[in-house]
Amino acid sequence: QVQLVESGGGVVQAGGSLGLSCAASGRTFSSYAMGWFRQAPGKEREFVAFISRSGGITDYSDSVKGRFTISRDNAKNTVYLQMNSLKPEDTAVYYCAASSTIVPPPSSRRYHYWGQGTQVTVSS
């Protein structure tokens with residue numbers, strides 16, 4: 001089992017940047033593919049980004065591609081999400097998640113462990 005704790009959320013103006021971190025503890029961090037998801041009020045949780053166990057493969061939703069960057073440091077048991085050119089529609093609670101699947105599809109159902117979430121608010 002792995003425990004995940006997100007940090008770095010906050011309030012930022014449109015066009016600004018914010019970086020999120022997710023620290024993992026428990027079983028070997030490098031055994032898990034990692035993902036970021038987000039959930040806005042009244043909406044379903046949606047996929048944002050994925051990174052493979054070694055960090056060699058990444059994937060993004062179309063809505064964040066070119067603006068967000070996912071990365072990981074297995075020595076620090078941490079996954080990151082750098083968010084640039086933020087838009088008001090990026091406002092949501094952001095969750096990191098871990099999957100035992102090597103390359104999980106972009107679905108929350110394929111992720112097995114979740115953090116508690118961190119709020120990101122982008123003002124216009």
Side-chain angles (χ1 to χ4, degrees):
Q1 192 167 356
V2 62
Q3 292 79 42
L4 304 172
V5 179
E6 302 97 335
S7 62
V11 180
V12 63
Q13 287 190 333
S17 298
L18 206 58
L20 304 182
S21 299
C22 174
S25 60
R27 290 185 60 186
T28 306
F29 176 68
S30 59
S31 299
Y32 295 94
M34 298 298 296
W36 285 95
F37 289 75
R38 66 186 182 187
Q39 187 166 18
K43 295 187 176 181
E44 293 187 354
R45 191 169 298 188
E46 66 171 355
F47 168 78
V48 174
F50 149 84
I51 189 165
S52 63
R53 297 173 179 180
S54 67
I57 302 171
T58 58
D59 190 26
Y60 301 90
S61 67
D62 289 342
S63 61
V64 308
K65 197 170 295 182
R67 300 188 296 122
F68 290 13
T69 302
I70 189 171
S71 61
R72 67 189 295 164
D73 186 336
N74 286 344
K76 296 182 178 180
N77 286 4
T78 303
V79 62
Y80 307 95
L81 185 68
Q82 178 63 39
M83 305 182 293
N84 299 328
S85 302
L86 283 161
K87 305 175 181 180
E89 51 264 42
D90 294 319
T91 295
V93 177
Y94 283 70
Y95 299 89
C96 72
S99 175
S100 301
T101 304
I102 295 176
V103 182
S107 168
S108 60
R109 289 176 292 181
R110 298 306 297 269
Y111 284 78
H112 309 100
Y113 303 102
W114 293 84
Q116 83 289 349
T118 185
Q119 177 70 45
V120 171
T121 302
V122 184
S123 61
S124 57

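All of these numbers come straight from a predicted model, not from anything done at the bench. Computation of the quantities below employed the complete heavy-atom set of this structure, encompassing side-chain atoms and omitting hydrogens, waters and symmetry-equivalent molecules.
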Would you please classify the geometry between the Y32 ring and the Y113 ring as parallel, tilted or perpendicular, with 30° and 60° separating the classes? perpendicular

State, yes or no, whether a side-chain contact exists between [X] and [Y] at a heavy-atom distance under 4.5 Å.
X	Y	value
V93	R45	no
T91	Q119	yes
P105	F47	no
R53	I102	yes
F50	P106	no
D90	R67	yes

Under the side chain to side chain contact (heavy atoms under 4.5 Å, CB included) test against R38, which residue among T118, V120, V48 passes? V48

Return the minimal non-hydrogen interatomic distance between [X] and [Y], and the atom names on each side.
X	Y	value
C22	M34	SG-CE, 4.5 Å
A92	A40	CB-N, 3.8 Å
V79	F29	N-CZ, 4.0 Å
A24	L4	CB-CD2, 3.6 Å
A49	Y60	CB-CD2, 3.7 Å

Can you measure from [atom1] ([X]) to [atom2] ([Y]) and round to the nearest 0.5 angstrom?
X	Y	atom1	atom2	answer
S124	K87	OG	NZ	14.0 Å
T58	F68	OG1	CZ	14.0 Å
W36	L20	CH2	CG	4.5 Å
S21	R72	OG	CZ	13.5 Å
S107	F37	OG	CZ	6.5 Å
S7	Q116	OG	CD	8.5 Å

Around R110, counting heavy atoms of other residues, nucleotides and ligands shown, do more than 12 lie under 6.0 Å from its CZ? no

Counting neighbours of NZ on K43 that are heavy atoms of other residues, nucleotides or ligands and sit closer than 6.0 Å, is the number greater than 12? no

Between Y111 and Y95, is the gap from one ring center to the other below 6.0 Å? no

Donor-acceptor contact present, side-chain Y80 to main-chain T69, <3.5 Å: no

